[in-house]
Amino acid sequence: MVSQQQTLQDAACCKDVSGLSCFAGLLGILQVATQLISFFAILTLFVIFFPRETSPPLSRKQQEGPTYRTALVVAFMCIVHAAIMLIITLTVGFKKPSTLQSWSDFCGITAAILASIQYFPQIYTTLRLRCVGSLSIPMMCIQTPGGLVWAGSLAARLGTKGWSTWGILIVTACLQGTLLVLSVFFEYLGPNKGHSHDYTKDTARSQSAESSDALNEDGPYEETPLLRDSR
């Protein structure tokens with residue numbers, strides 16, 4: 001969004017127009033900035049509340065899950081990626097402004113690919129489990145049409161040259177809509193309708209039982225109770 005020629009022209013016009021007109025011209029940047037801040041807020045909470053391993057794993061199966069170190073690596077990669085993209089954008093803008101639009105198109109295509117990578121595993125998981133799980137249907141009901149409206153507002157502002165900016169919003173809205181349709185079907189229309197969360201709880205109990213069996217098979221550890229309840 002920042003690397004679009006129209007955005008740069010709107011920012012330059014702030015010197016000659018009133019504050020309200022300048023705010024309207026920079027509204028696209030403010031929208032993207034709000035989304036970016038929200039993303040990093042979620043990333044920060046993800047790292048803060050990620051479960052930390054306070055004791056040695058009790059079985060080999062428990063070692064297969066992601067660790068707190070993995071969470072830190074993911075957060076570090078996101079921050080480095082954002083920093084590199086910002087540095088390259090500023091460098092291209094100051095050194096070779098004529099190629100700024102091509103760089104903007106490349107960023108849009110990359111964003112579309114990354115968004116697809118983000119949504120496809122969730123869509124696959126929902127199809128495999130055939131339940132909503134922890135997904136929020138009301139949130140998706142707001143976010144899906146909201147993404148299309150946002151894309152329309154940016155398309156009206158940037159025109160066809162800004163396809164790399166508003167095109168990614170259409171892609172993510174379509175993927176979000178697919179996930180919404182699947183969630184509504186499994187929650188209200190499918191054979192297990194209304195029992196999605198119960199299914200999730202049953203799955204958790206099953207996994208807990210498997211962990212307990214694995215513990216018994218692997219043998220006692222330091223935290224294994226000396227006296228077992230015989231009831």
Side-chain angles (χ1 to χ4, degrees), residues 1-11 19-47 49 74-75 78-79 81-82 85-86 89 104-127 129-190 193 196-197 200:
M1 181 65 190
V2 175
S3 59
Q4 291 288 337
Q5 293 291 343
Q6 183 63 41
T7 301
L8 298 178
Q9 293 176 6
D10 293 339
L20 185 59
S21 299
C22 178
F23 174 79
L26 299 180
L27 188 58
I29 296 180
L30 296 177
Q31 289 174 327
V32 176
T34 301
Q35 185 185 39
L36 183 64
I37 293 174
S38 300
F39 168 78
F40 278 104
I42 294 175
L43 182 64
T44 302
L45 295 175
F46 165 75
V47 174
F49 295 106
V74 171
C78 292
I79 295 174
H81 175 263
M85 298 297 287
L86 178 61
T89 300
S104 178
D105 296 340
F106 171 78
C107 291
I109 296 174
T110 303
I113 296 174
L114 294 177
S116 301
I117 295 175
Q118 170 191 351
Y119 276 100
F120 283 146
Q122 182 62 65
I123 293 175
Y124 169 77
T125 300
T126 303
L127 283 172
L129 296 180
R130 303 183 67 83
C131 70
V132 178
S134 60
L135 296 176
S136 173
I137 293 180
M139 180 275 293
M140 290 187 289
C141 288
I142 297 174
Q143 189 172 2
T144 300
L148 295 175
V149 172
W150 188 9
S153 66
L154 291 180
R157 179 184 302 275
L158 301 175
T160 56
K161 291 184 178 180
W163 64 268
S164 60
T165 299
W166 49 262
I168 173 60
L169 298 177
I170 295 179
V171 173
T172 55
C174 291
L175 294 174
Q176 182 85 66
T178 302
L179 195 58
L180 174 60
V181 170
L182 293 175
S183 300
V184 170
F185 175 78
F186 291 134
E187 181 71 14
Y188 300 106
L189 303 175
K193 60 180 180 179
S196 299
H197 298 285
T200 303

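In what follows, residues are counted from 1 in the order of the sequence shown.
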Is it the case that over 12 heavy atoms from other parts of the model lie below 6.0 angstrom from the CZ atom of Phe40?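 Enclosed.
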If you count the non-hydrogen atoms of other residues, nucleotides and ligands that lie under 6.0 Å from CZ in Phe46, is the total more than 12?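 Result for CZ/Phe46: enclosed.
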For Thr144, run the side chain to side chain contact (heavy atoms under 4.5 Å, CB included) check against Leu180, Leu179, Thr178 and tell me which one passes. Leu180
Euclidean distance, [Y] [atom2] relative to [X] [atom1], rounded to 0.5 Å:
{"X": "Leu175", "Y": "Ser116", "atom1": "CG", "atom2": "OG", "value": "5.0 Å"}
{"X": "Trp163", "Y": "Asp105", "atom1": "CH2", "atom2": "CG", "value": "4.5 Å"}
{"X": "Gln176", "Y": "Ile123", "atom1": "CD", "atom2": "CD1", "value": "9.0 Å"}
{"X": "Ile168", "Y": "Cys107", "atom1": "CD1", "atom2": "SG", "value": "11.5 Å"}
{"X": "Ile109", "Y": "Leu114", "atom1": "CD1", "atom2": "CG", "value": "12.0 Å"}
{"X": "Thr172", "Y": "Leu148", "atom1": "OG1", "atom2": "CG", "value": "8.5 Å"}

For the residue pair [X] and [Y], what are the closest heavy atoms and their distance?
{"X": "Ser183", "Y": "Val132", "value": "O-CG2, 3.4 Å"}
{"X": "Gly147", "Y": "Leu169", "value": "O-CB, 4.0 Å"}
{"X": "Ile137", "Y": "Tyr188", "value": "CD1-CE1, 3.9 Å"}
{"X": "Ala75", "Y": "Val47", "value": "CB-CG2, 3.6 Å"}
{"X": "Phe39", "Y": "Cys78", "value": "CZ-SG, 4.2 Å"}

